[in-house]
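For reference, the structure is listed below as structure tokens.
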Amino acid sequence: MNGPLLKVESLVKHYPLGTGFSRRDVPVIRAVQDVSFSVEAGETLCIVGESGCGKSTVARLLMRLMDPTGGRVLLEGVDIARLKKPELRNTRRRMQMVFQDPYSSLNPRLSAGRIITEPVENFERLSRKQREALAAELLRQVGLAPEIMHRLPSELSGGQRQRVGIARALSLKPAIIIADEAVSALDVSVQAQILNLLMDLQQDLGIAFVFISHDLGVVEHIGHKVAVMYLGRIVELARCEDLFANPAHPYTEALIAAAPVPDPTHRALEARLEGEVPSPVNPPTGCAFHPRCPLAIERCRVEVPILNPMVDRRVVACHVRAPTICENSDVVSEALILNQ
Ligand code: ADP
């Protein structure tokens, strides 16, 4: 395969809001606007941003749980938005999802063993012996004892349930797992165990992750690359260590400054996030962050900033911190986003 494992190109999702006289009159929620990124095999891309920024919508588009308004999602070079059902079923084997709330995403009437082996049984018949052997092996991979296979979700702890959810995602040997707020509902100590499990699985099995989280501490722990989203757009995309050591976009800076971190000494600007994320139905003109931005200039009120490359290979959409530096910068930034 040439190119990255997952390549997202100019993804757009508008949700219609109510009804109008004609389709053109219907107001829309611009949940995802022109989002592009790529993920290599064995890599973790984190998507961060406040609630309502479009993170979960991106996750659902990646899994083709709904159709995009525009753009492409290429998994191993195949555009999943164009696949018909039978092909989509096979492609889905390569991309699995882990959800935030393991309790509501696990069927309460099935034993853990059944839950874990169900995806495989959708493709092939398994004897009871085969099923139990598979369940035991998957439980071992996620650090659980084989006896757990006989328990119902209600008989498991939160951490065990999330491990069962991960075992189910592993059952089809995916190349990539989309994890949407996968540890947010867990206690802090259990969160760390699950994050370490995911990192061990990545090392042993070479699985890539798109890891969606509003928690910067979690992202700093697990990410290789980080995409910061604001009101449906990526505003900064960088290597994880660069982003945390030296945030470039004022929104990234404010998010990091607002996060409870043990060592705030390297925070350059004590930016605070004031106000709320504006409505995606009627977003601010120009840069959507400008009403909350301490650095905003007149240009920010009128012109939407594009993602521009900076010297350390990150891309940033900010007229102040990353003003357009060359004629064909959109081409350059695309090359950077897509790792070409
Ligand atoms: P996040 O995951 O960052 O919290 P979401 O992707 O859930 O953001 O939501 C982005 C925007 O799209 C929000 O304004 C949300 O209210 C809206 N939205 C999400 N899902 C739907 C839907 N099914 N129908 C209409 N609006 C939606």
Side-chain angles (χ1 to χ4, degrees), residues 6 8-20 23-37 39 44-71 73 80-81 95 97-102 104-105 162 165 177-186 191 209-220 222-223 225-237 243 249 251-252 254-256 258-259 273 275-285 287-292 304 307 317:
L6 177 70
V8 173
E9 292 178 348
S10 306
L11 204 55
V12 175
K13 181 67 186 178
H14 294 170
Y15 296 109
L17 196 68
T19 50
R23 271 188 78 156
R24 291 179 60 192
D25 293 334
V26 178
V28 291
I29 297 178
R30 295 171 198 281
V32 173
Q33 292 273 80
D34 199 16
V35 162
S36 301
F37 58 79
V39 185
T44 299
L45 170 94
C46 294
I47 304 181
V48 289
E50 289 163 285
S51 177
C53 284
K55 307 181 295 297
S56 291
T57 301
V58 170
R60 278 176 271 153
L61 292 169
L62 296 182
M63 293 300 296
R64 178 91 189 271
L65 298 177
M66 59 189 175
D67 291 330
T69 307
V73 176
I80 65 157
M95 184 151 63
M97 191 151 180
V98 174
F99 297 90
Q100 171 173 10
D101 179 357
S104 65
S105 64
Q162 195 54 298
I177 290 179
I178 315 298
D180 188 1
E181 300 282 6
V183 297
S184 311
L186 303 172
Q191 275 192 7
F209 288 97
V210 173
F211 195 91
I212 291 172
S213 178
H214 67 280
D215 185 336
L216 287 157
V218 166
V219 167
E220 191 166 17
I222 201 172
K225 286 194 301 201
V226 185
V228 181
M229 281 187 77
Y230 189 75
L231 215 62
R233 290 182 193 275
I234 292 179
V235 296
E236 181 164 2
L237 178 55
L243 187 110
H249 196 285
Y251 179 60
T252 314
L255 272 184
I256 292 176
L273 270 173
E276 309 221 316
V277 180
S279 161
V281 181
N282 198 5
T285 56
C287 172
F289 187 57
H290 87 255
R292 300 170 83 190
V304 179
L307 282 166

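Just so you know, ligand 1 is whichever comes first in the structure, and atom 1 is the first atom listed for that ligand. Heavy atoms only: backbone and side chains are in, while hydrogens, waters and symmetry mates are out. If you read the sequence from its start, that first residue is 1, and numbering goes on from there.
- Note that the CD1 atom of Ile212 and the CE atom of Met229 stand 8.5 Å from one another [nearest 0.5 Å].
- Remark: Arg60 CZ to Ile178 CD1 distance equals 13.5 Å, nearest 0.5 Å.
- Using a 4.0 angstrom heavy-atom cutoff, Gly49 does not count as in contact with ligand 1.
- Of all heavy-atom pairs spanning Val219 and Cys46, the tightest one is CG1-CB, 3.7 Å.
- At a heavy-atom distance under 4.0 Å, only side-chain atoms of Pro280, from C-beta outward, approach ligand 1.
- Inter-residue side-chain proximity for Thr252 and Val226 is flagged as unmet; no heavy-atom pair is nearer than 4.5 Å.
- If you look at Met229 next to ligand 1, there are no close heavy atoms at all, none under 4.0 Å.
- Residue Glu50 has at least one heavy-atom neighbour below 4.0 Å for each of these atoms of ligand 1: 3 (O).
- Inclusion of Ile29 in the set of residues having an N or O under 3.5 Å from an N or O of ligand 1 is not warranted.
- Ranking the protein heavy atoms by distance from atom 8 (O) of ligand 1 puts Gly54 N, 3.1 Å first.
- Within the 4.5 Å cutoff, the side chain of Tyr251 has no heavy atoms near those of the Leu231 side chain.
- Scanning all heavy atoms of the two residues, the minimum distance from Ile80 to Arg64 falls at O-NH1, 2.7 Å.
- Proximity of atom 15 (C) of ligand 1 to the protein is not indicated, since no non-hydrogen protein atom lies closer than 4.0 angstrom.
- Listed by number with element, the atoms of ligand 1 under 4.0 angstrom from any heavy atom of Lys55 are 1 (P), 2 (O), 3 (O), 4 (O), 6 (O), 8 (O).
- Nearest protein heavy-atom contact of atom 12 (O) of ligand 1 is Ala31 CB, 3.4 Å.
- Set against the non-hydrogen atoms of Ser51, the atoms of ligand 1 under 4.0 Å away are 4 (O).
- Scanning the protein for heavy atoms near atom 2 (O) of ligand 1, the closest one is Ser56 N, 2.8 Å.
- Atom CG in Leu307 sits 9.5 Å away from atom CD in Glu236 (nearest 0.5 Å).
- Scanning the protein heavy atoms around atom 5 (P) of ligand 1, the nearest turns out to be Thr57 OG1, 3.7 Å.
- If you take OG1 on Thr69 and CD on Gln33, they are separated by 9.0 Å, rounding to the nearest 0.5 Å.
- We find the CG-OG1 distance between Leu65 and Thr57 to be 11.0 Å, quoted to the nearest 0.5 Å.
- Closest protein heavy atom to atom 13 (C) of ligand 1: Gly52 O, 3.9 Å.
- Of the protein's non-hydrogen atoms, the one nearest atom 19 (C) of ligand 1 is Tyr15 CE1, 3.5 Å.
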